[in-house]
Amino acid sequence: MNLSYILNELGEDRHEYFQAITPPIVQTSNFAFDTVDEMRVRFKDEYSGYLYSRGLNPTVDILRKKLAALDSAEDALVFNSGAAAIFSAVVPFVESGDHIISVSGVYTWAQKLFDLFLPKFNIHTTYVSGKNIEEIIHSITDKTKIIYLESPNSWDFRIQDLKAIADIGKEKNILTIVDNSYCTPIYQRPIELGIDLSLQSATKYIGGHSDVVAGVLSGKKSLLKKIFDLEYLLAGNGIQAFNAWLLIRGLRTLPIRLEAIRKTTEEVIAFLKSKNEIEHLIFPFDENFDQLELAKKQMSGACGLFTVVLRCQDLNKIERFCESLTTFKMAVSWGGHESLVIPRLAGIARSEFDPNKTEHRMVRFYIGLESSDYLCNDLKKALNYLN
Ligand SMILES: *Cc1c(COP(=O)(O)O)cnc(C)c1O
């Protein structure tokens, strides 16, 4: 389907709402019926239409259609956060005694789901690097129900061969899930490669303005209906109409924002790589990235996030570097208009800092919509604090 059509027209029946260009925010909790029979039909299958906005809602449905089409998927569900999408992708498909294989280094709350929550129900997870297929095949047991991937992840950008792993999942009847937040369907289409469920934190690039928290799951309608019928309605963490409306607005500019960020990211990376203060830079489309070939094979682009390892061994200097940046804000998340940094050492006590551990000298950058000159000026000043 044509990208411009998806982003500007699909799902929007303007005759239904006064020919308004912008869809209405259908801010209602419930929907009325004319006949008992219509109500009966809806009670029997809430996935078939409108009953109550914890289930389906017309503004959210416009967004669902666009997101599903972007992924070449049959259907999509939208959640109140990416974490809720992760929870809802995994929990419906496991029961006590089951086993999950996950790549290591996944998003923090996916890891907490596997390490802290699911073991309470006797569901255990084996972590693999994800770099070689044999490792995954050897970890499969007769109890394995899910292979959970994140490609690339958002710190060291490790990637997995999605097509090869999807094929294994199909052969062994194991559900495959990938967190595609880094790429979005603009740069990577996991469903087309055979993955069962593709998820994204829509808080990041889809929203794009740092003003909404949301998550997406897309895949076969039968899988999403199973999720909807119990976990989605039970946990009540579907997205609200206003937030869905903000995401529709975000989608309009998604490809041009990514293109701008891609260009600026390349320029900022070139600037940083020319600086002696930078020991190493990690970015999936960098010529030195150890999985570059696979990245180029399954991703059509990369931008925004990269990580540097600073040469500086002094904790205080690294902290001063981060604190003296003014255009780059020190904050979690990414995907918005504003450029960001996170020093890895914010995750450890100062007393634990060990300069011999390269990850302690890592700083993750996110490039937003500012110009590269503006960003490089900020970096230039701050780099002095590392000497
Ligand atoms: C932010 C993020 C999530 C979680 O999404 P929220 O919207 O913050 O709940 C999941 N995966 C990745 C890769 C993320 O960056």
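Source: prediction; values computed, not measured. Order of listing sets the numbers, starting from 1, for every ligand and every atom in it.
Applying the ring pair (Phe, Tyr, Trp, His ring centres under 6.0 Å) test to pairs two or more places apart or on separate chains, none has a residue in residues 251-296. Residue pairs meeting the ring pair (Phe, Tyr, Trp, His ring centres under 6.0 Å) criterion with at least one member in residues 188-220, sequence neighbours excluded, are Tyr205-Trp334. Every pair passing ring pair (Phe, Tyr, Trp, His ring centres under 6.0 Å) that includes a residue from residues 30-77 is listed here, sequence neighbours excluded: Phe31-Tyr50, Tyr47-Phe228.
No side-chain donor-acceptor contact under 3.5 Å links Asp98 to the backbone of Ile123.
The salt bridge (Lys or Arg N to Asp or Glu O under 4.0 Å) with Lys131 is formed by just one residue from the set Asp161, Asp156, Asp290; it is Asp290.
Side-chain N/O atoms of Ser129 and Glu135 include a donor and acceptor closer than 3.5 Å.
Pocket lining of ligand 1, defined as residues with a non-hydrogen atom under 4.0 Å away: Ser81, Gly82, Ala83, Ile86, Tyr107, Glu150, Asp179, Ser181, Ser201, Thr203, Lys204, Val213, Ala214, Trp334.
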